[in-house]
Amino acid sequence: MPEVREREEVLDGQPVRWFEADGEPGRAPVLYLHGVPMSGREWRAFLEVTGGLAPDLPGFGRSGKRADLPYDLPFYAGWIQRFLEQRGVQRVRLVAHDWGVGLGLAWAQERPDAVERLVLADGAPLLPGYRWHRLARLWRTPLVGELVMGASTPWTLRQLSRHANRRRGPMPPEWQEIVQEGWDLGTERAILRLYRSSPPEALERAGARLGELRCP
């Protein structure tokens, strides 16, 4: 079983944390992209099996959360490319969940030859006609979103996680621990900017070149 290592360096003038493990020699590494409000820790059990890379995206986990960044789809697509370049990685097998899907596909459309395979789970859709879920609509509303974020405590986050769980009750304690590790004002700011920069028409535009992805 590959050893999972936690790493931290500086990228774009701010810290980036990621988890990594050795994969199958000669194969493109797996790039794991987490969703909102998680971090690269979400993927530790997967890394123990497949190896690969699982970064904390900017604004989440223990990566940087500067206030002057847009935290929108183009920003994250560019960041993913710079992260891979810093690691010396030219081609990946992409596995993404939740918002990691939208951000990963925004990057992949710019670099279709860099993606060997795709696995997408429960993702933010880059398709026409999508209507955001109830909590996202609150976050997208000025002032209301700030009030909701201001009321975010471990207890309220646990209760809100019921909306993300197909079973009755909140998400498991392990999920809650990962969220709480990185939750702060910087994460709240990143979430609000990401959702507010992504109305349905922006999602549709961001997926305009999905047909160019020919990988399995």
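In this chain, numbering begins with 1 at the start of the sequence shown.
- At distances below 3.5 Å, not a single donor-acceptor pair connects side-chain atoms of Tyr76 with backbone N or O atoms of Gly102.
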Subject >> Worked check of side-chain contact (heavy atoms from CB on, under 4.5 Å) between His97 and Leu33 >> reply: CA-CA 6 Å; His97 167 239; Leu33 297 179; over 6 Å; no
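- Sequence neighbours left out, the pairs with a member in residues 187-199 that pass salt bridge (charged side-chain N to carboxylate O under 4.0 Å, His left out) are Glu146-Arg196.
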Original post:
Does the pair Trp79 and Phe83 meet the rule for a ring pair (Phe, Tyr, Trp, His ring centres under 6.0 Å), with working shown?
Top reply: CA-CA 6 Å; Trp79 186 91; Phe83 172 76; 5.3 Å; yes
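- Judged by distance alone, the side chain of Arg41 and the main-chain N or O of Met38 form no donor-acceptor pair under 3.5 Å.
- Asp113 pairs by the salt bridge (charged side-chain N to carboxylate O under 4.0 Å, His left out) definition with nothing, not counting sequence neighbours.
- Atom CG of Leu127 has more than 12 heavy atoms from other residues, nucleotides or ligands within 6.0 Å.
- In this structure, Ser63 contributes its side chain and Gly59 its backbone to no donor-acceptor pair below 3.5 Å.
- Between Glu3 and Asp22 the shortest side-chain heavy-atom distance does not fall below 4.5 Å.
- Using a distance-only test at 3.5 Å, with no hydrogens or angles considered, a donor-acceptor pair links the side chain of Asp56 to the main chain of Gly40.
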**OP:** Kindly indicate, with the supporting measurements, whether the criterion ring pair (Phe, Tyr, Trp, His ring centres under 6.0 Å) is fulfilled by Trp132 and Tyr195.
**Re:** CA-CA 9 Å; Trp132 279 114; Tyr195 277 92; 5.0 Å; yes
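- At least one side-chain heavy atom of Glu8 sits under 4.5 Å from a side-chain heavy atom of Arg62.
- A donor-acceptor distance shorter than 3.5 angstrom exists from the side chain of Gln109 to the backbone of Ala206, with no hydrogens or angles considered.
- In this structure, Glu6 places its CD atom where more than 12 heavy-atom neighbours from other residues, nucleotides or ligands lie under 6.0 Å away.
- Glu212 has a carboxylate O that lies under 4.0 Å from a charged side-chain N of Arg209, or vice versa, which qualifies the two as a salt bridge.
- Looking only at distances, a side-chain donor or acceptor of Gln14 sits under 3.5 Å from a matching main-chain atom of Lys65.
- Heavy atoms of other residues, nucleotides or ligands lying less than 6.0 angstrom from CZ of Phe46 number 12 at most.
- When only modelled atom types and interatomic distance are considered, Gln180 and Gln176 share no side-chain donor-acceptor pair under 3.5 Å.
- With Arg93 contributing its side chain and Ala28 its backbone, the two residues share a donor-acceptor pair below 3.5 Å.
- Glu20 and Trp18 share a side-chain donor-acceptor pair at under 3.5 Å.
- A 4.5 Å side-chain heavy-atom check between Trp175 and Glu42 finds every atom pair outside the cut-off.
- For the side chain to side chain donor-acceptor pair (under 3.5 Å) condition, the pairs that include at least one residue of residues 23-38, sequence neighbours left out, are Arg27-Glu116, Tyr32-Thr50.
- With a 4.5 Å cut-off on side-chain heavy atoms, Val89 and Pro29 count as touching.
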